[in-house]
Amino acid sequence: MKRFINIALPKGRLGEKVYGMFEAAGFECRDIKENSRKLIFENSELGIRYFWVKPSDVAIYVERGAADIGVAGKDILLEYSPDVYEFLDLNVGRCHMAVAAKRGFVDDKSKTLRVATKFTNIAKKYYSSLGRDIDIIHLNGSIELAPILNLSDVIVDIVETGATLRENNLEVVEKFEPISARLIANKSSFKFLSDKIEEIRTGISKQIAKD
Ligand code: PRP
């Protein structure tokens, strides 16, 4: 019997866009467009099964082999360094990892810098490359509140349109890492399903917007 390929897609707007790329590449699964609470969809003719996964969990499913391939943001890959193969940049979900602060913020280098972020590993690595002492404050969301309430001096977070910063009187201090969605594969699936994964890579490559 043919082995299904299991694909973890990030639930949400980005995932829908990415599914559109899979569909256009010939890996469709019509039921996925039903407006339902279902999380697993399959096309048995094509031997494909899709899962909707919380975006920050995709890499875990792929690393542990519950999914053979998946789509994860480069931010998550940099933060958690999962043991997976990253094999294609989809050029969607593009944004930057950035340092931001209240407008007019001036860094007093004689003091430890208080940095609020969801991405503690990325922030530590960035400031260590600058030789700057920091005090990391781990938050789970609404990071922009931290400098406003003087919980931190700066934040390290994703900036896409910049609207969230602007609307909270914050500004970018430095953009230091471009981010986009990547196709990733479980290391053993990458060997055992190499033909299928190669077919997907070729099909999806043709859907990637060039700019
Ligand atoms: C992300 C990020 C910023 C926002 C940036 O938040 O943390 O808050 O998007 O986008 P913008 O530059 O287009 O305004 P997300 O929506 O993932 O929610 P979060 O607050 O839970 O991190």
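Only a predicted model underlies this, so the values are computations on that prediction, with no experimental measurement involved. Both ligands and their constituent atoms are indexed starting at 1 by order of listing. Worth knowing before you read on, the calculation uses all heavy atoms, side chains too, and leaves out hydrogens, waters and symmetry mates.
Using modelled atom types, one finds no donor on one side chain facing an acceptor on the other under 3.5 Å when comparing Arg166 with Thr164. A donor-acceptor contact under 3.5 angstrom links the side chains of Asp89 and Ser180, judged on distance only.
Contact shell of ligand 1 (protein heavy atoms, cutoff 4.0 Å): Lys118, Gly141, Ser142, Glu144, Asp157, Ile158, Val159, Glu160, Thr161, Gly162, Ala163, Thr164.
In summary, of the residues considered (Glu23, Glu16, Glu28), a side chain to side chain donor-acceptor pair (under 3.5 Å) with Lys33 occurs for Glu23 alone. Just one of Lys187, Lys191, Arg3 meets the salt bridge (charged side-chain N to carboxylate O under 4.0 Å, His left out) condition when paired with Asp68; it is Arg3.
Within a 6.0 Å radius of OH in Tyr61, no more than 12 heavy atoms belonging to other residues, nucleotides or ligands are found.
Judged by the 6.0 Å and 45° rule, Arg132 forms no cation-pi pair with Tyr127.
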